[in-house]
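Each remark here refers to the structure printed beneath this line.
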Amino acid sequence: MPYKIVFFGTSEFSIPSLQALIQDQRFEVTAVVTKPDMPIGRHQTMTEPPVKLLAKKFNIPFFQFQKIKTPDTYQILSDLQQNHDIDAYVVVSYGKIIPQNILDLPKKGVINVHGSLLPKHRGASCVQAAIAAGDQQAGVSIMLLDAEMDHGAILAQAETKIPEAETGGELHDRLAQMGGELLTDTLVNYFENKITPQPQNHALATYCKILKREDGQIDWNKSAKEIANLIRAYNPWPGTWFEWQGKRIKILKALAVDQSINIQQPSIRQLIQDQKRLLILCGDQNFIEILELQPEGKKTMSSQTYLAGHKI
RNA sequence: CGCGGGGUAGAGCAGAUGGCAGCUCGCCAGGCCCAUAACCUGGAGGUCGUGGGUUCAAGUCCCACCCCCGCAA
């Protein structure tokens, strides 16, 4: 008898985990819960979440609750529990807070895949937070869900080195994959009581908030190193940008320059051209060299290309 | 029809009031130098997004359409 799972997830990060569960004979994904379709993109076209598309592909019944903290929602999930005797919920990047009365439904509890080495980087933007903080290591944690955010006892973790130039998007994809790989065996071991959940050391916890576009605005008073990490972390979401002559310029790729550069009267937050390099002075008197950028209304381009058409 | 910017040489940009299509980079050929993302000389490369319209004359003015992008979500 396979373990019966209800999967809660929405974004791309959820996909490898859901896929791992579907393909593993030891599990049966009885149902999927995902967020409602959202109008997305420049033309506000209604778009189905990736998890919904995967559920449809494998003919798994799915629910898209508008609100989850309602009696109706509870009733539906409660009925599901009655009819199918669900073993556990698996929550991966669902995007909504699940109330306690629903968390209490499945027999063996609720398991969450989180993209950081808990207790570090609790919260919604854990992957970006790791790179922005200049961490050498990142990882995934599989944990029990409790009432507080990313607070539950840990069942398993996997670590990985963050390469020098890795972007948030790249790390995100790797961690999603790692999460899926670690999930299935961990679940089975947990169900068979081979794992003792380890409480987190809450004193060491750090938190990150959900990111919005505005969070990508560069504060040039920070150090070049911090800014370079932020640019790397926030690529591709939410992106980093600054105002230049009334327009936004996104920065997609940049380096903190460690050598000293001879420039007369450099001023902070101004674009500076040195030879064929595009530089900006940061708060710690070091420079950021912009390698790839995107002016508002334009496609992305290299700094050399930008300089070919813009006099500074 | 949520708001806005834009499509001109391989790339990035200029092209008031319509009047021979230009700049920077790249590319090709040659030169120079111990050497260079250096410099010098010469050269190729454009149906100006598409289709109509106005005009002696349209990249430029009018209309329609296609495509790209920023914001917002």
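First the proteins, then the strands, lettered A, B, ... as listed; each starts at 1. Predicted model, so just to flag it, every value in this text is computed and none were measured.
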Using chain A heavy atoms and a threshold of under 4.0 Å, write down where along RNA chain B the contacts begin and end, 5' to 3'.
-> B:rG2 to B:rA73
NZ/NE/NH1/NH2 to OD/OE distance under 4.0 Å, A:R122 and A:E148 | no
B:rC33 versus B:rU41 - spacing of their C1' atoms, nearest Å = 16 Å
Using the C1' atoms only, state how far B:rU17 lies from B:rG49, rounded to an integer number of Å.
-> 26 Å
Among A:L18, A:V90, A:I111, whose side chain to side chain contact (heavy atoms under 4.5 Å, CB included) with A:I5 holds?
-> A:V90
Taking a pair to mean Watson-Crick or G-U wobble geometry with both distances below 3.5 Å, B:rC65 pairs with B:rG49
Are A:K52 and A:D37 close enough for a salt bridge, meaning some N to O gap below 4.0 Å?
-> yes
May I ask you to check whether A:Q157 and A:S141 show a side-chain donor-acceptor distance below 3.5 Å?
-> yes
Heavy atoms under 4.0 Å, any strand shown: does A:K311 hit a base, just sugar-phosphate, or nothing?
-> nothing
Assign each of A:Q304 and A:W237 the nucleotide of RNA chain B bearing its closest heavy atom; nearer the 5' end lies the nucleotide of A:Q304
Under 3.5 Å, is there a donor-acceptor pair between the A:Q177 and A:D173 side chains?
-> no
Expressed in whole Å, how much space separates the P atoms belonging to B:rG18 and B:rU60?
-> 12 Å
Between B:rC34 and B:rA16 - P atom distance, rounded Å = 48 Å
B:rC3 and B:rG46: how far apart are their C1' atoms, nearest whole angstrom?
-> 34 Å
Using the C1' atom in both, what is the distance from B:rA44 to B:rA9, to the nearest Å?
-> 10 Å
Find the partner of B:rC23: check Watson-Crick (N1-N3 plus N6-O4 or O6-N4) and G-U wobble (N1-O2, O6-N3) distances, both under 3.5 Å, and reply none if neither fits.
-> B:rG12
With respect to A:I280, which candidate in A:F287, A:F242, A:W244 satisfies the side chain to side chain contact (heavy atoms under 4.5 Å, CB included) definition?
-> A:F242
Does a side-chain N-to-carboxylate-O contact under 4.0 Å join A:K107 and A:D87?
-> yes
Nearest-angstrom distance, P atom, B:rC69 to B:rC32 | 48 Å
Side chain to side chain contact (heavy atoms under 4.5 Å, CB included) partners of A:E296, counting only residues at least two apart = A:K247, A:R248
How should the glycosidic conformation of B:rC20 be described, syn or anti, under the criterion that syn lies within 90° of 0?
-> syn
Nearest-angstrom distance, C1' atom, B:rU8 to B:rA58 | 14 Å
For RNA chain B, whose closest nucleotide is more 5', that of A:P39 or that of A:G309?
-> A:G309
B:rG2 -> Watson-Crick or G-U wobble partner, both distances under 3.5 Å, gives B:rC71
Under a 4.0 Å N-O cut-off, is there an ion pair linking A:K194 with A:E192?
-> yes
Now, which nucleotide makes the Watson-Crick or G-U wobble pair with B:rG18, with each of the two distances under 3.5 Å?
-> none
Pull out every residue in residues 209-220 of chain A that has a heavy atom closer than 4.0 Å to any atom of RNA chain B, ordered by number, or say none.
-> A:R213, A:E214
If the plane angle is over 60° it's perpendicular, under 30° parallel, otherwise tilted; pick one for A:Y94 and A:F8.
-> perpendicular
